[in-house]
**Student:** 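Please read through the structure below; I'll follow up with questions.
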Amino acid sequence: MEITAASFTNEAFANLQPRRPRVAKDPSLPVLGARDEVLAAVRGHSTVLIVGETGSGKSTQVPQFLLDAKLCAPQDGRRLCVTQPRRVAVLTVSERVAAERGVDIGGEVGYAMRFERKASKKTAAVFATDGLVVREMLGDEQLMRYGVLIVDEAHERSVHTDVLLGLAKRTQAKRPLKLILMSATLDIASLQSYFDDCAVVKVPGRLHAVDVFYTVDALDDYHEACATCCAQLHADKTCKGDVLVFMPGQEEIANCIAMLEERLSGVVVVPLYAALSKEKQLEAFAPAPSGKRKFIVSTTIAETSVTVQGVRHVIDPGWAKNRGCDARGFEALRVEATSKAQARQRAGRAGREASGRCYRLYPEAAWDSLPDATAPEILRCDLAGVVLSLKALGVARPETFDFVTKPPRHALLRALETLYACEALDDRGALTALGRRLASLPLPPLLASAVDLASTQFRDGAPDVLWVVAAVVASEHGLFVQPRGGEARDNAIRARDAFEDRSGDLWTSRNALKAAANERNRPQWCRKRFLSTTAVESALRVRKQLLDVLSKEIFAPTEAIPLDTARTAALDCVAKALCVQNAAVRDPAKRCFRALRNDAAVSVHPGSILHGRNPPPEALVFASSVQTTKLFLRGVSAVDASTLARLAPRLFSTGL
């Protein structure tokens, strides 16, 4: 048997691994000079805040300080856990730490993410996403395994980070747990008042000089502006180094890459965003071939933690895509102006290794109107998943949980209503057996409900439900590439028609994904059919991972069930799960749809199969929403109003 880093599953295999050559540490990292101060603070206090500027080396070196000082060891259950808000940072930082220590991933240093883990009994330091650590606590007292918990990039204040900090504080009241929060920008005052025994260590940065440029006037089209700026930089022979371009989301990245590939020659253009596979993400960090310049087009994922070597120029259009929940209860991705803190972080990417330049594609006068920082996610997101997790952890009244920042009461009540509607809570607000099952699945509550319903009430459609759920989870914009216009757009629409199902986007995605799964040369096949290879691969990976944690017998395809029967069962299953929160009926008077949950006017997204359908469906369910000029619905599926009443009689009546 060939032993590789990916194949071992226990300590015996780990002992057989060869020791890898050490990668030398950079002796100029400022944090190295603060080693004794950091260790003294950790030994003397329960909680330590480490504030270090971009490039100070805190992400890679502080964990090693603790390992070398024997402050964490796997033998006595005092492992070190280092959390990051994003998967790509978990991969790159853990790999760098392992390389500097001369060990293979899975030995002394390992990592853990949703559905993916490389760690053994010998692992002393586990790098993990904060969401995974919270989720794993549902199965056991996960924090009991750790003696030290490092929360890196704590300033981002993702909803998982805030929950994790609350759980860590609760654990500290029961037993010793060293907690370290690290960031370039921390709200020190509020965190010191939140934790009882808290020390602060400030580390000087190593940011090289970055010249910042602004446009003279405001720009109408930031896609065009980014492409033009890239072309000008590439044409300037005096501009050395690679270019990092920030875009709000996956769809905008695809459009920008298409424009760059059309206008530039002799360059390497790579995307970087969360939904990419691990292999595709790591391509962004590989050096460009000799004599070629690399353009990395990224979401906010490249703002912090990760260092893309070779970058000397940053192009910042000043926009980011944030998930938020409006007053009507709609959680939607919204393109919003970046905060000043985000803009500084982006500019800093150009100065990690040498002096660089940042081109902000907005006037300097617009700087004053930017907010100082982005609001914590817990103040602007749907809290159904948070409340479900807290209930499963034994927090009977989530409103009493000690959050760093208290979420709005109306958001907590709305979350309770959602969980009650999908029967995760009983009339007294207590967690039901169904609710505990939903909490154990690594999915948002509504999609977890669809999977559970498939295994119980709609078993005829169970295999197809997994195809649909995987497609929804894998891509925020769906599987189909949608060019901005012209002949390419017409060709993309014709290609999609080959998979179209009249019910709408969900079953159309199922058809495309299932067809792609059988193709040997999948990337080429996807390109010809205007399918996103990245989204398809991600969806197939999600489906496989779900099968690994579910009963394969229930979700395995069977030839005994007629196709129409399976289709109807799967569509009903998904509709029953989604309709408790995401259902709308046609409003003929206003030529739009009306959301049943709060009577809001909504419209089908222009990229949907059902957009412009004449006559339009009388009702529909949807997977997500996005706020632009209107509140648009994505991932829609047509249903009859009578079907809603049949599937969810507690919520709907035939009078809809």
Side-chain angles (χ1 to χ4, degrees), residues 249-251 274-275 321 323-326 328-334 381-382 384-385 418 421-422 438 441-454 458 461 464-480 482 496 499-513 532 535-536 538-539 542-543 546 570-585 593 595-597 600 602-611 613 617 619-628 630-639 643-644 647-648:
Q250 180 178 335
E251 190 173 24
K321 190 167 286 186
R323 190 174 299 279
C325 202
D326 64 18
R328 300 168 296 179
F330 276 100
E331 188 176 41
L333 286 170
R334 291 177 287 196
C381 73
D382 180 78
T418 297
C422 62
L438 299 187
L441 290 173
L443 294 168
L446 296 187
L447 295 181
S449 177
V451 172
D452 188 84
L453 287 168
F458 298 92
D464 289 312
V465 169
L466 278 196
W467 288 110
V468 172
V469 168
V472 172
V473 170
S475 174
E476 65 188 48
H477 299 300
L479 301 180
F480 295 94
Q482 297 176 2
R496 188 183 63 177
F499 306 107
E500 180 177 345
D501 185 272
R502 285 194 60 80
S503 66
D505 304 324
L506 299 180
W507 201 260
T508 298
S509 294
R510 173 264 184 201
N511 291 343
L513 187 59
S532 167
V536 167
S538 179
V542 167
R543 184 178 181 276
L546 285 172
L571 287 173
D572 280 357
C573 175
V574 174
K576 181 177 176 68
L578 294 179
C579 73
V580 301
Q581 183 171 341
N582 295 349
V585 296
F593 286 86
L596 292 175
R597 197 168 189 232
V602 295
S603 301
V604 175
H605 192 274
S608 168
I609 286 288
L610 296 183
H611 178 69
R613 175 72 58 83
L620 50 82
V621 294
F622 56 95
S624 63
S625 54
V626 60
Q627 179 75 54
T628 54
K630 298 178 182 177
L631 187 58
F632 287 111
L633 308 182
R634 291 185 182 272
V636 297
S637 184
V639 295
T643 299
L644 293 179
L647 295 175

**Student:** Start with the C-alpha distance between V621 and V574, add both sets of side-chain angles, then the distance that settles side-chain contact (heavy atoms from CB on, under 4.5 Å), and finish with yes or no.
**Tutor:** CA-CA 9 Å; V621 294; V574 174; 5.5 Å; no
**Student:** Rounded to the nearest 0.5 Å, how far does OG of S509 lie from CZ of F480?
**Tutor:**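 Between atom CZ of F480 and atom OG of S509 there are 5.5 Å.
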**Student:** Identify, with sequence neighbours excluded, every residue that meets side chain to side chain donor-acceptor pair (under 3.5 Å) alongside S532.
**Tutor:** none
**Student:** Give, for atom OG of S625 and atom NZ of K630, the distance between the pair rounded to the nearest 0.5 Å.
**Tutor:** 15.0 Å
**Student:** Please lay out, stage by stage, how L578 and L506 fare under the test side-chain contact (heavy atoms from CB on, under 4.5 Å).
**Tutor:** CA-CA 12 Å; L578 294 179; L506 299 180; 4.1 Å; yes
**Student:** Run the salt bridge (charged side-chain N to carboxylate O under 4.0 Å, His left out) test against R502 and tell me which residues pass, sequence neighbours left out.
**Tutor:** none
**Student:** To the nearest 0.5 Å, what is the distance between OG (S603) and CG (L631)?
**Tutor:** 8.0 Å
**Student:** Is any side-chain heavy atom of V465 less than 4.5 Å from a side-chain heavy atom of F458?
**Tutor:**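 No, every pair of side-chain atoms sits at 4.5 Å or beyond.
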**Student:** Kindly write out the residues that satisfy side chain to side chain donor-acceptor pair (under 3.5 Å) with D452, not counting sequence neighbours, or none if the list is empty.
**Tutor:**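 Partners of D452 by the side chain to side chain donor-acceptor pair (under 3.5 Å) criterion, ordered by chain and then number, come out as R437.
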**Student:** Take I609 and R496 through the test side-chain contact (heavy atoms from CB on, under 4.5 Å) and record every step on the way to the result.
**Tutor:** CA-CA 9 Å; I609 286 288; R496 188 183 63 177; 3.3 Å; yes
**Student:** Could you tell me which residues satisfy salt bridge (charged side-chain N to carboxylate O under 4.0 Å, His left out) with R510, sequence neighbours excluded, listed by chain and number?
**Tutor:**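 Checked R510 against salt bridge (charged side-chain N to carboxylate O under 4.0 Å, His left out); matches are D464.
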**Student:** Of the non-hydrogen atoms in L571 and S637, which two are nearest, and what is the gap between them?
**Tutor:**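 Where L571 meets S637 most closely, the heavy atoms are CD2-OG, 4.0 Å.
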**Student:** Give the minimum heavy-atom separation between A575 and V639, together with the two atoms involved.
**Tutor:** CB-CG1, 4.0 Å
**Student:** Nearest 0.5 Å please: distance from the CG atom of L479 over to the CG atom of N511.
**Tutor:**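 These two atoms lie 11.0 Å from each other.
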**Student:** Search all heavy atoms of L633 against all heavy atoms of A584 and return the closest pair with its distance.
**Tutor:** CD1-CB, 4.5 Å
**Student:** Please assess D382 against Q581 for the test side-chain contact (heavy atoms from CB on, under 4.5 Å), listing each intermediate value before the final yes or no.
**Tutor:** CA-CA 11 Å; D382 180 78; Q581 183 171 341; 3.7 Å; yes
**Student:** Quick one: does T508's side chain have a donor or acceptor within less than 3.5 Å of a partner on G504's backbone?
**Tutor:** yes
**Student:** In Å and rounded to the nearest 0.5 Å, what is the CD to CG distance from E500 to L610?
**Tutor:** 8.0 Å
**Student:** So, using side chain to side chain donor-acceptor pair (under 3.5 Å) as the criterion, who are the partners of S503 when residues are at least two apart?
**Tutor:**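 Per chain and number, S503 pairs via side chain to side chain donor-acceptor pair (under 3.5 Å) with D501.
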**Student:** Among residues at least two apart in sequence or on other chains, which ones pass side chain to side chain donor-acceptor pair (under 3.5 Å) with S608?
**Tutor:** D505
**Student:** What distance do C579 atom SG and L446 atom CG have between them, rounded to the nearest 0.5 Å?
**Tutor:**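 With rounding to 0.5 Å, SG (C579) is 9.5 Å from CG (L446).
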